[in-house]
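To keep things clear, I will list the structure first and then write my remarks on it.
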Amino acid sequence: MSDPPATLTDMTDRWALSPAEDGGAEIVPLGRDGLPAGPVLREPDLVEAVRSRPDVARWVWRSTAEVYPRLLAAGVRVERCYDVEDAETLLLGHEGRHGEPRSAAAALARLRGGQVPPDPPQRPAAPGAQSPLFEPPAAHLPLEDLLAVYAEQQRRHERAEHPDRMRLLTAAESAGMLVAAEMNRAGLPWRADVHREVLHELLGERYAGGGEPRRLAELADEVSAAFGHRVRPDLPAEVIKAFARAGITVRSTRRWELESVDHPAVKPLLEYKKLYRIWVAHGWSWLQDWVREGRFRPEFLAGGTVTGRWVTHGGGALQIPRVIRRAVVADPGWRLVVADAAQLEPRVLAAISRDPGLMEVASRESDLYQAVSDRVFSGDRTRAKLAVLGAVYGQTSGDGLKNLAALRRRFPRAVAYVDDAARAGEEGRLVRTWLGRTCPPPAGRREDADEEAGLPQDAPAVPPASDGWMPGYASTDPRARGRFARNFVVQGSAADWALLLLAALRRACWDMAAELVFFQHDEVIVHCPQEEAGRVVEAIGQAAELAGRLTFGETPVRFPFTTAVVECYADAK
DNA sequence: AGTTCGAGCGCC
DNA sequence: AAAGGGCGCTCGAACT
């Protein structure tokens, strides 16, 4: 590719922008040092200020969510941006200061020594309603204040453990925010009529009054008949009691536990649970709530999780059941290019650990688990996959441990890499992805939190014995934290790579009609005219290799995609 | 009436 | 075969 590594972070043709309350903006060109290289201009119209400067390579602004939807609504795209508040979040994390307010106003107060304002409360996900595409306006931030925070952030990048990687991380996540805003606007092509067909096939007729559809009612009757009395299959407590009356002890009604139970109610019960799930989470009311004018419009949020994976708000966009994917259909004359990174996590582990054996295996485009099994497990691909995933997820029992030992003999550096991360997590030390995204320290480490909240000091902040079902990073159980940290370095570094992939793919599609419409961790969907599909496929392959080089440096590791050009998402696999 | 929580399961 | 990492979403039950 002609795209040299420097372009993602270089300092040329940068302008800063701060929206004014009247729809205008203050803007100023920046020099290579990041400082103003000219007078501040007061523009009456923010959109026109950007539209009339197509040569600006990067816009520095407080918040992409504040500015970019307005530009897109007016048909204006920008090449790159630098999102100051996103960078603040990443830099605070890297500095081990996760809990501190992340707003530009807070950053400014820290810089000037003023009172640091707390962050506004997170918007509660409005259930059943489309969340607004436009962020509620924050208090106006004068351009000179934005520039002061930006300049300080430049210095903080220099103090990072790997300044070049940290610069790449903030640049890449800003690019991700542009992609997310564009995907939010494009929406995923969705055929409501096909969706209804699928629902009818699976669930049968709907009855008036909003009760269960026919098939669910039948299955509920079968369950009751098998128990010999009325049992509502959607109430776990009732099901557990019914099994107890039949002389069978189950701890829960989870599928994997019921599967080993020998009772005539199990089969219809499991079928009920599967269909019930589709009915409540992706049924007719979902369609009503989330699909408009042939598009499903979830709100993608780049970097919404601790590991850097994206989240979505609305409609459970990252959990669309496979059967429902039949409703994702390209527009007439258009195609979906569905691309899935093959065995991404072990390839990432090879790249970050620099394990010679694993890099050699990952240097081929062919099935990585097969290659591992040929070397370690005499051709048993299933065992190889379990061993690798066990190493990444922190498996603690069962055959996985035996397989892990075999893996360790053959790929010692790779296993040592995740073992080291796990130990660091257990000991409460900071753990970072390859580019420098940093896992929060345990909750107990934030000593100042209680004082700020004014809690009585004699009350224990957290019951130490059991901390319920907290996520791993927040848990006070060292083993849970170890498992989290082990996974964090791999999953998070994969998320680093994915940001660079999206940025490269967006650039490659810049002059096409093709649109990125979906992204799910290691899978991307591009919606494009049929005649562009070949170019898009090519672009994905090149973007993947470029992302690998930019993220991890020169390694032999390849990042192949399995790509399908289809009219319907369900036909991709 | 509204909010929180646990259970369960969808995706990776 | 066994049940680990990250999420979002929905329900009913249990609370304020």
Side-chain angles (χ1 to χ4, degrees), chain A residues 124-128 212 232-240 250-260 269-270 272-283 285-286 289-290 298-301 303-325 340-341 343-345 380 382-383 385-404 418 421-422 425 431 439 468-475 477 479-492 494-495 498 518-524 569 573:
Chain A
E212 291 178 324
R232 284 186 54 187
D234 57 326
L235 300 184
E238 216 174 296
V239 171
I240 289 174
V250 289
R251 284 182 54 251
S252 72
T253 65
R254 287 181 163 82
R255 183 172 47 196
W256 59 265
E257 186 167 352
L258 292 184
E259 271 167 356
S260 58
L269 187 54
L270 292 179
Y272 180 95
K273 288 158 79 75
K274 196 173 94 190
L275 295 178
Y276 176 81
R277 171 81 196 165
I278 287 167
W279 178 50
V280 298
H282 297 277
S285 59
W286 182 94
D289 288 343
W290 296 111
E299 187 189 355
F300 286 87
L301 181 62
T305 72
V306 179
T307 60
R309 277 188 170 185
W310 293 25
V311 295
T312 58
H313 295 303
L318 301 184
Q319 299 99 237
I320 302 166
R322 291 186 174 275
V323 284
I324 301 297
R325 294 179 182 183
D340 197 302
Q343 310 103 32
L344 178 59
E345 293 193 341
D380 185 343
T382 305
R383 269 180 74 200
K385 183 170 179 176
L386 285 173
V388 170
L389 294 180
V392 171
Y393 288 159
Q395 184 162 33
T396 53
S397 62
D399 285 351
L401 281 187
K402 219 168 53 200
N403 294 337
L404 186 59
V418 287
V431 179
C439 166
W469 290 86
M470 302 178 89
Y473 62 87
S475 172
D477 173 3
R479 296 193 318 283
R481 291 192 47 79
R483 287 194 300 272
F484 170 79
R486 176 188 295 272
N487 182 251
F488 175 86
V489 293
V490 180
Q491 189 187 109
F518 190 71
F519 168 61
Q520 187 179 33
H521 313 315
D522 60 358
E523 179 180 357
V524 59
Y569 187 16
K573 282 176 186 167

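Atom set for the values below is all heavy atoms of this structure, side chains included, hydrogens, waters and symmetry mates excluded. Here is how names work: the chains are called A, B, and so on, in the same order as the sequence lines, proteins then strands, and each is numbered from 1.
- Residue A/Phe484 places its side chain closer to C/dG6 than to any other of B/dG10, C/dA1, C/dG6.
- In the set B/dA7, C/dC11, C/dG12, C/dG12 carries the atom at the smallest distance from any side-chain atom of A/Arg232.
- Backbone-only engagement by A/Ile320 is indicated by non-hydrogen atom pairs under 4.0 Å involving sugar-phosphate atoms exclusively.
- Side-chain N or O atoms of A/Arg486 include none that pairs as donor or acceptor with a backbone N or O of A/Val392 at under 3.5 Å.
- At whole-Å resolution of the value, CD in A/Gln319 and P in C/dG6 are 15 Å apart.
- Each salt bridge (Lys or Arg N to Asp or Glu O under 4.0 Å) pair with one or both residues in residues 386-395 of chain A, not counting sequence neighbours, would appear here, but there are none.
- In terms of position along DNA chain C, the nucleotide closest to A/Glu259 lies nearer the 5' end than the nucleotide closest to the other residue of the pair A/Glu259 and A/Leu318.
- The environment of A/Lys385 atom NZ is sparse: at most 12 non-hydrogen atoms of other residues, nucleotides or ligands sit within 6.0 angstrom.
- As a whole-Å value, the separation of A/Trp286 CH2 from C/dG8 C1' is 13 Å.
- If you measure from atom CH2 of A/Trp310 to atom P of B/dC12, you get 17 Å, rounded to the nearest angstrom.
- Side-chain nitrogen and oxygen atoms of A/Arg309 include none within less than 4.0 Å of the OP1 or OP2 phosphate oxygen of C/dG6.
- Proximity of A/Arg483 to the phosphate of C/dG5: a side-chain N or O atom is located under 4.0 Å from OP1 or OP2.
- Within 4.0 Å (heavy atoms only), A/Val392 reaches no atom of the nucleic acid at all.
- Within the 4.0 angstrom heavy-atom criterion, only backbone atoms of the sugar-phosphate kind lie near A/Gly315; the bases stay farther away.
- Under 3.5 Å, the side chain of A/Arg322 and the base of B/dC11 form no donor-acceptor pair of N or O atoms.
- Contact annotation for A/Arg383: no contact, since no heavy-atom pair falls under 4.0 Å across all strands.
- Going from atom CZ of A/Arg255 over to atom C1' of B/dC11 covers 12 Å, rounded to whole Å.
- The interatomic distance linking A/Arg254 (CZ) with B/dG8 (C1') rounds to 6 Å, in whole Å.
- One finds a side-chain N or O of A/Lys273 lying less than 4.0 angstrom from the OP1 or OP2 phosphate oxygen of B/dC9.
- Counting any heavy atom pair closer than 4.0 Å across all strands shown, A/Gln520 reaches sugar-phosphate atoms only and no base atom.
- Distance A/Phe488 CZ to C/dG6 P: 11 Å, rounded to the nearest Å.
- Rounded to the nearest 0.5 Å, atoms CH2 (A/Trp310) and CG (A/Leu301) are 9.0 Å apart.
- Atom NE2 in A/His282 sits about 9 Å away from atom C1' in C/dG8, given to the nearest Å.
- Counting any heavy atom pair closer than 4.0 Å across all strands shown, A/Ile278 reaches no nucleic acid atom.
- Between A/Thr382 and A/Thr307, the one whose closest nucleotide on DNA chain C sits nearer the 5' end is A/Thr382.
- Side-chain nitrogen and oxygen atoms of A/Thr312 include none within less than 4.0 Å of the OP1 or OP2 phosphate oxygen of C/dC7.
- Considering only side-chain atoms of A/Ser252, the nucleotide from C/dA3, B/dC12, B/dG8 that sits closest is B/dG8.
- For A/Arg277, taking side-chain heavy atoms from C-beta onward, the closest of the listed nucleotides B/dC9, B/dC11, C/dG12 is B/dC9.
- Rounded to a whole Å, the OH atom of A/Tyr393 is 16 Å from the P atom of C/dA3.
- The aromatic rings of A/Tyr276 and A/Tyr272 lie parallel to each other, with less than 30° between the two planes, well short of the 60° mark.
- Annotation: salt bridge (Lys or Arg N to Asp or Glu O under 4.0 Å) contacts involving residues 309-320 of chain A, sequence neighbours excluded, comprise A/Arg309-A/Glu345.
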